[in-house]
Amino acid sequence: MTLTAPSPYRVDAGGYYGPFGGAYVPEMLYPNVEELRDNYLRIIEDPEFKREFKQLLRDFAGRPTPLFLAQRLSAEIGTTIYLKREDLCHTGAHKINNTIGQILVAQRLGKQRIVAETGAGQHGVATATVCALMGLECIVYMGAIDIERQKPNVDRMRMLGAKVVPATSGSQTLKDATNEAMRHWISNPTDTHYIIGSVVGPHPYPDMVARFQSIISAETITQLLEQTGRANPDFVLACVGGGSNAAGAFYHYLDQPGVRLIAAEAAGQGVTTGHSAATTALGKPGILHGASTILMQTEDGQVTEPYSISAGLDYPGIGPQHAQLFATGRAEFLSITDRAALDAAFQLSRLEGIIPALETAHALACLPLIGAKKDDVVVVCLSGRGDKDLATYTQHLEEYS
Amino acid sequence: MNRLTTLFQHKTADVLNVYFTAGFPQLTDTVPILHALQEAGADLVEIGMPYSDPVADGETIQRSNQQALDNGMTVATLFEQLQNIRQQGITVPILLMGYLNPVVQFGIEKFCQQCQATGVDGVILPDLPLEVFEREYQPLFTKYGLKNVFLVTPQTSAARVRQLDGLADGFIYLVAAAGTTGAQTDMNADVDAYLSRTKALGLRNPTLVGFGISDAASFAAASRHTTGAIIGSAFIRLLQHTPAEGQAAAIKEFVAGIRP
């Protein structure tokens, strides 16, 4: 889908989405960001790139992922629910779509080494996977606290040959892992590519990552047409930490005003409890990790520590495009508590035989809240599978027995 | 006249700029350290406004930022501390260094006003993009008599160095080697080549080298092709290890040791 008129929801020539976006990077990163900015469109529009990307998505990642009519869940909620099964991607989440795209970009830029940040470890695993596939050195920064709570993913990255480096600064979670990855990139400017895992960071990252994830909505359109005779659903639901699966699930629907876009943020223990990651509810405009966006911060502009049961939503900002979707009202943002997410995870497991990731469970928890009627078509981006969250789920098993 | 301009008119070599974090090690240390640095003979002083996510800084300065924040330092508190310093005999040029978000939240015009009111001469904001500076900040900086300092690295193209030099009106901050602050830069042939290459560009602004300058030897090597150098992490480490009662004396000794 190409656009003829400029859309207020897509990146402009200067790298902004309305007032959000840009490239607020120190001069040390300027040449790297400039190199990427000047080359990414040329690279990803190249027919040979497109061919290789498409082939790897199919043969390596397992695309297209199914669009599944969840009949028992639909009956329970009282609407018509389709699940876009990103959980069936290789490595267990949508993250691989982006890492395949970026490693192909890195190769074409002649980079020898990859650095990445990870929160829950899903992006780290997806990065380590493509680095193994392409034979590139891989360094993943991960918060020291996250390393403790997501051990299986740490082991997977190591098995894949990646070096996992604990980020011991600040809160020792995703935000700090991102800082450390940026510092690594500052120190290794010429031979290293930084694979950001979400639609965050300086321009062109948010746009590049959204383009790689846009395969989600591109496939949804075709599959929905096949299954229902209509290309556009009434609702698209996705969770938002940084927001890469939402960016991909919304991408081709942004300029279709009839499609309501619903973004689920992590309310943690509750928006007003001080233990939350609900960025649009608690944040205000500011600058984080190279972009102007909405972020959780103190009155003095210090970035606040977020909290969520889900490590992948434990981020104090959102991508600049999402900030624009929020500010313009194009997408509705709902805050979902830990408890509501757990409820939704157990509900999906028992009604459909699919254990979702905790992040994804936040999107599922929106289903009863959106006022969808029986014949409305609702697409939920089932962004990841729940294997990595089994330890958390196990702690709550008895409550759901 | 702006104190930075005056300084560089009178001194064209071996200029020493010392960085320290506001509110570190104790919240109220900012002004005493400023006095001690002036008495010790620092030519200019760079005061860091602490930030939760200082991506251009290495471990030493990160920790000092965190400790200062834990002590309760904010942009507003810093301006309160700097009230009347010019009346109290502080004559050394002062730069504020920090990240953009706290400044934006404080309010950019209010920030510039406060800089002028307290006698701050210039600002270093590493994550302020050039085009945003030109579009939104430059008129305010001019209005309040503030100099903006740009960073240049070994990877910065000659064309961009010239562009930055054209916009700058204080000095150019040369980052010695790829890395964050406090990295161990040995002043090797590569760094020397980069500095002499930059000198050959014949920039209109003075140049100061920073990142990895820690002692007399690295200061001398760095200053060979430039107007002077900046010491940050090494000074923070000194503050960290010095008991409060010995602080002024230790600062004097440290500064004297840089240019023996």
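Throughout, a chain's letter reflects where its sequence line sits, starting with A, and its residues are numbered from 1.
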Checklist entry - Take atom CZ in B/Arg63; do more than 12 heavy atoms of anything else shown fall under 6.0 Å from it? => result no
Next on the checklist: Return the CG to CG distance between A/Asp176 and B/Asp53, rounded to the nearest 0.5 Å.
Outcome noted: 6.5 Å
Checklist entry - Measuring heavy-atom distances to chain A, does B/Leu130 have an atom under 4.5 Å in its side chain, in its backbone, in both, or in neither? => result neither
Checklist outcome for this item: Interatomic distance, CE@B/Met73 vs CD@A/Gln302, rounded to 0.5 Å, equals 11.0 Å
Checklist entry - If you draw a 6.0 Å radius around NZ in A/Lys284, do more than 12 non-hydrogen atoms from other residues or ligands fall strictly inside? => result yes
Checklist outcome for this item: If you tally heavy-atom pairs under 4.5 Å between each of B/Thr74, B/Leu69, B/Asn101 and chain A, the highest tally belongs to B/Asn101
Checklist entry - Between B/Gln105 and A/Glu299, do the side chains contain an N or O donor and an N or O acceptor separated by less than 3.5 Å? => result no
Checklist entry - If you take all heavy atoms of A/Ile186 and B/Ala178, which pair is closest and at what distance? => result O-CB, 3.6 Å
Item to check | Interface moiety of B/Val55 toward chain A, non-hydrogen atoms closer than 4.5 Å | outcome: both
Item to check | Separation between CG of B/Asp127 and NE2 of A/His289, rounded to the nearest 0.5 Å | outcome: 11.0 Å
Checklist entry - For A/Leu295, is it the side chain, the backbone, both, or neither that has a heavy atom closer than 4.5 Å to a heavy atom of chain B? => result side chain
Next on the checklist: With a 4.5 angstrom heavy-atom cut-off, is it the side chain or the backbone of A/Pro202 that approaches chain B, or both, or neither?
Outcome noted: neither
Next on the checklist: Can you tell me which portion of B/Phe106 sits under 4.5 Å from chain A's heavy atoms? Options are side chain, backbone, both or neither.
Outcome noted: neither
Next on the checklist: What part of A/Tyr30 gets within 4.5 angstrom of chain B, counting heavy atoms only: side chain, backbone, both, or neither?
Outcome noted: side chain
Next on the checklist: Determine whether a donor-acceptor pair (N or O, by modelled atom type, separation under 3.5 Å) exists between the side chain of A/Arg183 and the backbone of B/Pro54.
Outcome noted: yes
Checklist outcome for this item: Between the OG1 atom in A/Thr168 and the CD atom in B/Gln62, the distance rounded to the nearest 0.5 Å is 8.0 Å
Checklist entry - Checking heavy atoms, do the side chain of A/Met28, its backbone, both or neither come under 4.5 Å from chain B? => result both
Item to check | Between CD on residue A/Glu27 and CD1 on residue B/Ile172, distance to nearest 0.5 Å | outcome: 9.5 Å
Checklist entry - Counting heavy atoms not belonging to B/Glu59, are there more than 12 under 6.0 Å from its CD? => result no
Checklist outcome for this item: Comparing B/Asn65, B/Thr77, B/Asp57, B/Val175 against chain A, the one with the most heavy-atom pairs below 4.5 Å turns out to be B/Asp57
Checklist entry - Looking at A/Glu34 and B/Arg160, does any basic side-chain N land under 4.0 Å from a carboxylate oxygen? => result no
Checklist outcome for this item: So, the part of A/Val303 with a heavy atom under 4.5 Å from chain B: the answer is both
Next on the checklist: Just verifying a value: how many Å separate B/Tyr99 OH and A/Leu288 CG, rounded to the nearest 0.5 Å?
Outcome noted: 13.0 Å
Next on the checklist: Please classify the contact between B/Val152 and chain A as side chain, backbone, both or neither, with a heavy-atom cut-off of under 4.5 Å.
Outcome noted: backbone
Item to check | Heavy-atom closest pair, residues A/Gly301 and B/Tyr51 | outcome: O-CE1, 3.4 Å
